[in-house]
Novice: 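This structure is in structure tokens; I'll ask about it shortly.
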Amino acid sequence: MYDDPTRDRALAMLAAGRTLSETSRALGISRAALREWRDQPRAGRTNTCPRTPGHEPSPDAYVELLGYYLGDGCISDCGRYHSLRISCDAALPGVVKRVAEVLQQVRPDGIVHRVPAPGAVVVQGNWKHWPCLFPQHGPGRKHDRAIVLEDWQRHLVEAHPGPFLRGLFHSDGSRVRNWATRTVAGRPKRYDYPRWQFTNTSPDIRELCTWALDLVGIAWRQSRWNCVSVSRREAVAALDALIGPKS
């Protein structure tokens, strides 16, 4: 018998891409045991579809995870299950921690893995029901296919736009300081001001971002073909209060 920390370490290695043989040699665990752990749900876990009435995840947590998925996430078909991966900047430990918390809230009885990658931490969870929660999953990159929310997803975002915007801006967004010069009393004067920017190559995802900003009355503009900017002082302050710092 193996204790839970050993099992969790083995599953984390497999989730990071290590083979059964590599993990077996590293931990001294048989390939048969590793295969069983990988392919079978842990005791106490449920495989009930989260779209089943009474089994839905927290709306706040779900729409925030939806934002992270649309920004920097992907879903991979691994045979008996799907793997949801959210890539986070390794220099932003607060975002890594929050993504892991939200993923855990959406699937409380699952294991959340943090897989290091060059300059990044990939927060990952395995479950066969991820496509049920994220029907936008499909072959190819998100910007190469239509991304349209289903009615039930739109209703959730309309009721909880703040967490959705947090997921979008804390994944594919940035808070930067811009500057400009103006002539005052015949002399140039420099002005510094903050700005939020959401950059994504998918027009559908950018449209979802601006739709959510409209829901909360935050002014925005299209500053580049792939970038939505929130730059008015009152709008930046409102977005700061709504989504918190990206750190």
Side-chain angles (χ1 to χ4, degrees), residues 2-29 33-47 50 57-58 60-131 133-134 137 141-142 163-164 166-175 243-247:
Y2 299 96
D3 56 19
D4 283 349
T6 299
R7 179 172 178 153
D8 291 346
R9 183 182 176 194
L11 289 172
M13 292 176 67
L14 293 172
R18 303 286 289 273
T19 66
L20 288 172
S21 296
E22 290 172 337
T23 306
S24 176
R25 288 193 296 269
L27 301 180
I29 302 171
L34 292 171
R35 187 179 297 107
E36 181 180 359
W37 295 349
R38 182 195 64 186
D39 295 341
Q40 298 298 324
R42 194 179 221 168
R45 292 186 186 177
T46 175
N47 276 321
S58 159
D60 278 355
Y62 170 71
V63 296
E64 187 171 345
L65 188 60
L66 174 62
Y68 290 123
Y69 163 70
L70 293 176
D72 275 327
C74 68
I75 296 175
S76 302
D77 186 350
C78 300
R80 297 190 182 185
Y81 63 88
H82 287 80
S83 183
L84 172 63
R85 299 182 176 96
I86 312 292
S87 296
C88 306
D89 189 336
L92 300 173
V95 173
V96 175
K97 179 175 182 290
R98 181 58 186 167
V99 173
E101 290 173 347
V102 171
L103 199 154
Q104 191 74 76
Q105 290 171 25
V106 171
R107 195 193 178 194
D109 53 1
I111 296 176
V112 176
H113 307 285
R114 302 187 192 194
V115 183
V121 176
V122 179
V123 180
Q124 176 177 327
N126 300 327
W127 198 15
K128 70 178 183 179
H129 289 298
W130 288 126
L133 288 177
F134 301 108
H137 166 58
R141 299 178 178 179
K142 291 194 289 291
F164 180 65
R166 184 181 304 117
L168 289 177
F169 277 92
H170 284 192
S171 57
D172 260 0
S174 60
R175 192 181 191 277
I243 68 175
K246 181 177 180 178
S247 60

Novice: In Å, rounded to the nearest 0.5 Å, how long is the span from CG of D89 to OG of S247?
Specialist: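 Rounded to the nearest 0.5 Å, the CG-OG separation comes to 11.5 Å.
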Novice: For V99, which of L92, V112, D72, I86 qualifies under side-chain contact (heavy atoms from CB on, under 4.5 Å)?
Specialist: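 The passing option is I86.
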Novice: Return the minimal non-hydrogen interatomic distance between V96 and R114, and the atom names on each side.
Specialist: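 So the minimum-distance heavy-atom pair works out to CG1-NH1, 4.0 Å.
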Novice: Nearest 0.5 Å, what's the CG-CZ distance between L65 and R166?
Specialist: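 Taking CG in L65 and CZ in R166, the distance rounds to 12.5 Å.
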Novice: Side-chain contact test, heavy atoms from C-beta onward, threshold under 4.5 Å: evaluate it for Q105 versus E64 and give yes or no.
Specialist: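 A side-chain contact under 4.5 Å is absent here.
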Novice: Who are the side-chain hydrogen bond (donor to acceptor under 3.5 Å, both in side chains) partners of R18, not counting sequence neighbours?
Specialist: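 Residues passing side-chain hydrogen bond (donor to acceptor under 3.5 Å, both in side chains) with R18: none at all.
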Novice: Which value, rounded to the nearest 0.5 Å, describes the distance between R175 atom CZ and K246 atom NZ?
Specialist: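 With rounding to 0.5 Å, CZ (R175) is 12.5 Å from NZ (K246).
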Novice: Is there a side-chain contact (heavy atoms from CB on, under 4.5 Å) between M13 and L27? Walk through the geometry before answering.
Specialist: CA-CA 10 Å; M13 292 176 67; L27 301 180; 3.8 Å; yes
Novice: Is a side-chain N or O of H170 found less than 3.5 angstrom from the main chain of G244, in a donor-acceptor match?
Specialist: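 Yes; at least one donor-acceptor contact below 3.5 Å.
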Novice: List the atom of G110, the atom of Q104, and the distance in Å for their closest heavy-atom pair.
Specialist: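 So the two residues come closest at O-NE2, 2.8 Å.
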Novice: State the SG-NZ distance between C88 and K97, to the nearest 0.5 angstrom.
Specialist: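 Rounded to the nearest 0.5 Å, the SG-NZ separation comes out at 13.0 Å.
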Novice: Quick check on the 6.0 Å ring-centre criterion: do Y62 and F134 meet it?
Specialist: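 For Y62 and F134, the ring centres are under 6.0 Å apart.
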Novice: Working to the nearest 0.5 Å, report the span between OG of S76 and CG of L84.
Specialist: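 That separation rounds to 9.0 Å.
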Novice: Treating S24 as the side-chain partner and I29 as the backbone partner, does any N or O pair qualify as donor plus acceptor under 3.5 Å?
Specialist: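 Indeed, once roles are kept as given, a pair shorter than 3.5 Å links the two residues.
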Novice: Determine the minimum heavy-atom distance between G67 and S171, stating which atoms define it.
Specialist: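 Heavy-atom minimum between the residues: O-OG, 3.7 Å.
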Novice: Roughly how far, to the nearest 0.5 Å, is the CH2 atom of W127 from the CG atom of L133?
Specialist: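 Nearest 0.5 Å value for the CG-CH2 distance: 5.5 Å.
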Novice: Would you name the heavy atoms of W130 and G125 that are closest together and state the gap between them?
Specialist: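 That closest heavy-atom pairing would be NE1-O, 3.0 Å.
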Novice: Between L103 and Y68, does a side-chain contact (heavy atoms from CB on, under 4.5 Å) hold up when you go through it step by step?
Specialist: CA-CA 10 Å; L103 199 154; Y68 290 123; over 6 Å; no
Novice: Kindly give the heavy-atom pair with the smallest separation between K142 and L70, and that separation in Å.
Specialist: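 Between these two residues, the closest heavy atoms are CE-O, 3.1 Å.
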Novice: Looking at Q124 and N126, what are the two nearest heavy atoms and their distance?
Specialist: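 Distance-wise, the nearest heavy atoms are NE2-OD1, 3.4 Å.
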